[in-house]
Amino acid sequence: DELLGRNPLNGVTPPAVEPDEMRFLTHAEVALLADTIDERSRALVLVAAYTGLRASELVGLRRHHLDLLRRTLAVVEQVQYLDGEFLTSQPKTKAGRRSVALPRLVAAELDAHLRAHAEPDVDAVVFSSPEGGYLRFDNFRNRFWTPATVDAGLAPLRPHDLRHTCASLAIAASADVKVLQRMLGHSS
């Protein structure tokens with residue numbers, strides 16, 4: 001409010017923040033987690049681990065963004081839950097809007113997921129909450145993710161670690177760095 005003549009924190013060094021350690025799963029650990037988690041969330045785990053989509057991109061994924069015949073998905077929308085409401089937007093950068101290839105296993109799992117758990121409308125979200133509508137990732141983490149990671153012996157593990165897993169598995173398979181950059185939606 002411009003009431004202080006100077007900032008009382010000038011010259012104060014903030015405490016160091018230790019970043020969370022990155023986790024990378026193996027193919028076998030991804031399969032174990034997918035087998036352990038609630039059946040509605042199985043495809044979400046596989047899509048996240050093998051495409052590297054961000055949580056907001058997974059929440060915003062709609063049926064018409066998928067082309068299972070060509071085994072691709074389009075990242076053109078993201079959904080975030082802020083201050084009690086869902087906000088839909090395009091990815092922040094041009095690099096964030098992209099087409100991502102789906103491994104055969106993931107495309108087959110998505111097909112089964114759509115038949116069993118998604119509304120038939122072309123605009124329907126792929127990964128909805130059990131009650132319908134957009135998935136709140138905090139609820140997903142508490143209800144399904146954390147119990148599954150504990151049961152699978154993989155805890156502590158964050159959903160974002162599946163994005164790291166995707167990158168690590170791609171590099172281990174000799175993926176080109178520029179291809180990986182485009183796949184993850186990084187501009188640099």
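Starting from 1, each residue takes its place in the sequence as its number.
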Problem set entry | Pairs satisfying ring pair (Phe, Tyr, Trp, His ring centres under 6.0 Å), at least one member in residues 44-74, at least two apart | His27-Tyr50

Exercise. Does any non-hydrogen side-chain atom of Leu180 lie less than 4.5 Å from one of Ile171?
Worked result: yes

Exercise. Do the side chains of Phe144 and Pro130 get nearer than 4.5 Å, heavy atoms only?
Worked result: yes

Exercise. Any side-chain heavy-atom pair from Val47 and Leu162 closer than 4.5 angstrom?
Worked result: no

Problem set entry | Euclidean distance, His164 NE2 relative to Glu21 CD, rounded to 0.5 Å | 11.5 Å

For this session: Spell out, yes or no, whether Val76 and Leu66 are grouped together once hydrophobic residues are joined by side-chain heavy atoms under 4.5 Å, including indirect joins.
Result: no

Exercise. Does any non-hydrogen side-chain atom of Leu61 lie less than 4.5 Å from one of Val125?
Worked result: no

Exercise. Side chains of Glu85 and Gln80: does their closest heavy-atom pair fall under 4.5 Å?
Worked result: no

Problem set entry | Any side-chain donor near an acceptor of the partner, Glu39 and His117, under 3.5 Å | yes

Exercise. Looking at Phe86, Tyr81, Phe140, which one forms a ring pair (Phe, Tyr, Trp, His ring centres under 6.0 Å) with Tyr134?
Worked result: Phe86

Exercise. Salt-bridged, Asp67 to Arg71, with N to O below 4.0 Å?
Worked result: no

Seminar exercise, completed: Minimal heavy-atom distance between Ala118 and Val126, with the atoms involved, is CB-O, 4.2 Å

Exercise. Can you check whether Cys166 reaches Thr51 side chain to side chain, under 4.5 Å on heavy atoms?
Worked result: no

Exercise. Mind checking whether Leu157 and Leu33 have side chains closer than 4.5 Å, heavy atoms only?
Worked result: yes

For this session: Determine yes or no for a side-chain-to-main-chain donor-acceptor pair under 3.5 angstrom, with Thr26 supplying the side chain and Glu29 the backbone.
Result: yes

Problem set entry | From NE2 (His186) to CZ (Arg98), nearest 0.5 Å | 8.0 Å

For this session: Give the minimum heavy-atom separation between Val75 and Gly96, together with the two atoms involved.
Result: CG1-O, 3.5 Å

Problem set entry | Atom pair CG (Leu87) and OG (Ser56), whose distance is rounded to the nearest 0.5 Å | 11.0 Å

Exercise. Charged N to carboxylate O below 4.0 Å: is that the case for Arg42 and Asp35?
Worked result: yes

For this session: Mind checking the CZ-OG spacing from Arg143 to Ser129? Nearest 0.5 Å is all I need.
Result: 7.0 Å

Exercise. Just one of Arg54, Arg62, Arg97 clears the salt bridge (Lys or Arg N to Asp or Glu O under 4.0 Å) bar with Glu77, so which one?
Worked result: Arg62

Exercise. Stepwise, does the side chain to side chain contact (heavy atoms under 4.5 Å, CB included) test hold for Arg158 with Asp161?
Worked result: CA-CA 5 Å; Arg158 301 165 303 168; Asp161 291 328; 2.7 Å; yes

Seminar exercise, completed: Nearest heavy-atom approach of Ala167 to Leu184 is CB-CD1, 4.0 Å

For this session: Apply the test side chain to side chain donor-acceptor pair (under 3.5 Å) to residues Ser128 and Arg40: give CA-CA distance (whole Å), side-chain angles for both, the deciding distance (0.1 Å), then the verdict.
Result: CA-CA 9 Å; Ser128 63; Arg40 284 184 64 88; 3.2 Å; yes

Exercise. Between Arg63 (side chain) and Glu119 (backbone), is there a donor-acceptor pair under 3.5 Å?
Worked result: yes

For this session: Could you tell me whether the side chain of Val59 reaches within less than 4.5 Å of the side chain of Gln78, counting heavy atoms only?
Result: no

Seminar exercise, completed: One should read off an interatomic distance between Asp111 CG and Leu68 CG, to the nearest 0.5 angstrom, of 5.5 Å

For this session: Sequence neighbours left out, what pairs pass side-chain hydrogen bond (donor to acceptor under 3.5 Å, both in side chains) with at least one residue falling in residues 165-178?
Result: Lys178-Gln181

For this session: Could you grab the distance from atom CG of Leu110 to atom CZ of Phe127, nearest 0.5 Å is fine?
Result: 5.0 Å

For this session: Keeping the roles fixed (side chain from Thr36, backbone from Leu32), state whether a donor-acceptor pair exists under 3.5 Å.
Result: yes

For this session: Taking all non-hydrogen atoms of both residues into account, name the closest pair between Thr72 and Ser99 and its distance.
Result: CB-OG, 3.9 Å

For this session: Starting from Phe24, walk the hydrophobic network (Ile, Leu, Val, Met, Phe, Trp, Tyr; side-chain heavy atoms closer than 4.5 Å) and list everyone else you reach, by chain and number.
Result: Met22

Exercise. Is the CG atom of Asp83 crowded by more than 12 outside heavy atoms at less than 6.0 Å?
Worked result: no

